[in-house]
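Please read the structure below before turning to the comments.
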Amino acid sequence: MKIKAAVTQSQEDEFKIEEVELSEPKTNEVLVKIVATGVCHTDAVARDAGLTPYPVVLGHEGSGIVEKTGDGVKTVESGDHVVLSFAYCGHCENCLTGHPTVCTDFNELNFDGKMEDETHRLQKEGNDLSTFFGQSSFGTYAVANERNVVKVDKDVDLALLGPLGCGIQTGSGTVLNHLKPAFGTSLVIYGAGAVGLSAVMAAKITSCKHIIAIDLHDSRLDAAKELGATHVINGKDENIEEQIKEITNGGAHYGVETTGVPSVVRQGLRTLRPLGKLAIVGVTPEVSIHVHEEIMAEGKTMVGVIEGDAVPQVFIPELVKYYKEGLFPFDKLVEFYEFHDINQAFEDSKNGTTIKPVLKISS
Ligand SMILES: [Zn+2]
Ligand SMILES: [Zn+2]
């Protein structure tokens with residue numbers, strides 16, 4: 001079928017909405033009419049750094065309505081409202097033990113540009129286009145494996161839900177699935193973008209005593225306060241470590257690092273109390289750490305967490321439930337854009353004007 005999709009032809013190319021060909025869903029796959037899609041930092045990385053072979057249709061926070069199912073699909077049917085999330089194999093040891101975010105085939109399935117059977121679903125004038133995260137949600141329709149789609153309640157605004165499939169799941173899952181803060185503990189969140197603010201909302205759901213958000217932008221610190229931060233600190237302050245140690249009476253129990261900035265990673269470690277744990281969520285380059293002094297001698301832990309260590313089919317419906325109860329107001333992060341304003345949405349995300357842009361694709 002013919003669809004409209006935002007194609008990325010080459011490195012740092014602007015998105016161009018073009019007519020492309022989408023194949024029918026094969027066995028275990030579904031055709032989804034995309035209603036809306038979030039814009040995530042990883043899309044910008046893939047556009048500019050060639051994470052997936054060009055030409056590619058990016059987008060990995062889609063939400064939509066199942067239009068058709070291929071043979072063997074058991075978990076959804078046509079008419080279901082779904083959120084699209086990451087791809088995983090479903091049969092490796094990590095998938096089987098409840099950790100599909102570290103599936104042994106995660107990189108191949110999400111970034112190699114092909115479906116599980118090594119073929120493509122998107123073509124333009126006879127040439128293959130890469131798929132991204134097994135979904136390519138920057139299009140009016142997408143074909144995805146049924147493992148990528150999560151059925152959600154029909155009584156919430158479907159256009160809002162796409163970011164639950166990646167950015168919001170990442171921040172909230174890191175707190176709720178991985179760190180699981182104990183009663184009365186303290187948690188510091190470095191970076192108050194969509195991921196960091198999702199961690200703030202999640203921390204509020206737990207029984208954390210101190211939820212401290214740090215960011216360079218005052219507008220984001222205001223948002224953090226509104227969403228549940230008990231304290232905020234501007235990242236330009238000179239004495240951040242002292243402030244955290246004073247608030248937490250000696251250091252934080254947990255940290256969530258979303259910025260990927262090496263100096264902030266080290267700050268995150270230093271501001272932990274002994275036995276504290278720092279979750280690394282931002283893509284981070286090489287960092288120099290004195291392992292004995294900064295980790296071992298105080299029994300600290302530093303751990304990488306991908307996609308909030310979530311099983312999307314379990315976790316995303318939980319987040320929707322919290323949202324409906326008013327306990328997880330992630331809609332406050334969202335700003336809607338028309339599909340043809342996709343380049344503006346990326347620009348606004350980069351310069352910090354918008355925390356979580358969501359493109360409206362169809363109604
Ligand atoms: Zn797997
Ligand atoms: Zn993402």
Side-chain angles (χ1 to χ4, degrees), residues 6 8 15 28 34 36-49 51-52 56-63 83-112 114-117 130-138 142 144-150 160-174 191 193-199 256 258-260 280-284 304-316 319 330 333-334 342 345-346 349-350 354-359:
T8 302
F15 293 101
N28 299 326
I34 301 293
T37 176
V39 163
C40 178
H41 180 63
T42 313
D43 293 310
V45 173
R47 179 194 59 187
D48 298 338
L51 210 52
T52 295
V56 55
V57 176
L58 297 171
H60 64 285
E61 290 187 348
S63 63
V83 167
L84 289 103
S85 193
F86 58 86
Y88 58 96
C89 81
H91 51 73
C92 73
E93 183 182 335
N94 301 331
C95 282
L96 289 174
T97 52
H99 304 284
T101 61
V102 286
C103 171
T104 52
D105 292 339
F106 192 92
N107 286 341
E108 290 85 341
L109 292 173
N110 289 283
F111 304 124
D112 274 3
K114 297 178 211 158
M115 301 300 276
E116 201 171 22
D117 68 356
S130 288
T131 296
F132 191 54
F133 270 91
Q135 56 169 285
S136 291
S137 60
F138 290 165
N145 190 289
E146 70 174 308
R147 280 192 301 268
N148 288 46
V149 303
V150 181
L160 270 176
L161 303 184
L164 297 180
C166 183
I168 289 174
Q169 166 170 268
T170 294
S172 57
T174 298
V195 173
L197 291 172
S198 301
V256 176
T258 74
T259 71
I280 304 294
V281 175
V283 177
T284 312
V305 184
I306 300 281
E307 294 281 354
D309 197 10
V311 177
Q313 281 77 1
V314 176
F315 190 56
I316 290 173
L319 291 179
F330 74 95
L333 314 182
V334 168
I342 180 170
F346 272 78
S349 171
K350 190 181 170 197
T354 302
I355 293 172
K356 173 53 78 176
V358 171
L359 306 170

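Ligands are counted one by one from 1 in listed order, and the atoms in each one are counted from 1 as well.
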Verify, without hydrogens or angle tests, whether [X] (side chain) and [Y] (backbone) share a donor-acceptor contact under 3.5 angstrom.
X	Y	result
Ser198	Ala194	yes
Thr8	Arg47	no
Asn94	Val102	yes
Gln135	His60	yes

Tell me the protein N, O or S atoms under 2.8 Å from the Zn ion (ligand 1), in chain and number order.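 Counting only protein N, O or S atoms under 2.8 Å from the Zn ion (ligand 1), the list reads Cys89 SG, Cys92 SG, Cys95 SG, Cys103 SG.
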Measure the acute angle between the ring planes of Phe106 and Phe86, then classify it against the limits of 30° and 60° as parallel, tilted or perpendicular.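 Geometry flag for Phe86 against Phe106: tilted rings.
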inquiry  = In terms of relative ring orientation, are Phe138 and Phe15 parallel, tilted or perpendicular, with 30° and 60° separating the classes?
reply    =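 Phe138 and Phe15: perpendicular rings.
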Tell me, please, which residues at least two apart from Ser130 pass side chain to side chain contact (heavy atoms under 4.5 Å, CB included).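 So Ser130 forms a side chain to side chain contact (heavy atoms under 4.5 Å, CB included) with Thr52, Pro53, Val56.
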*What protein N/O/S atoms lie closer than 2.8 Å to the Zn ion (ligand 2)?*
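You should have found Cys40 SG, His60 NE2, Cys166 SG.
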*asked:* With side chain to side chain donor-acceptor pair (under 3.5 Å) as the rule and sequence neighbours excluded, what pairs involving residues 83-93 come up?
replied: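 Listed by first then second residue: Ser85-Gln169, Tyr88-Gln313.
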What do you reckon, is CD1 of Ile280 surrounded by more than 12 foreign heavy atoms closer than 6.0 Å?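 Yes.
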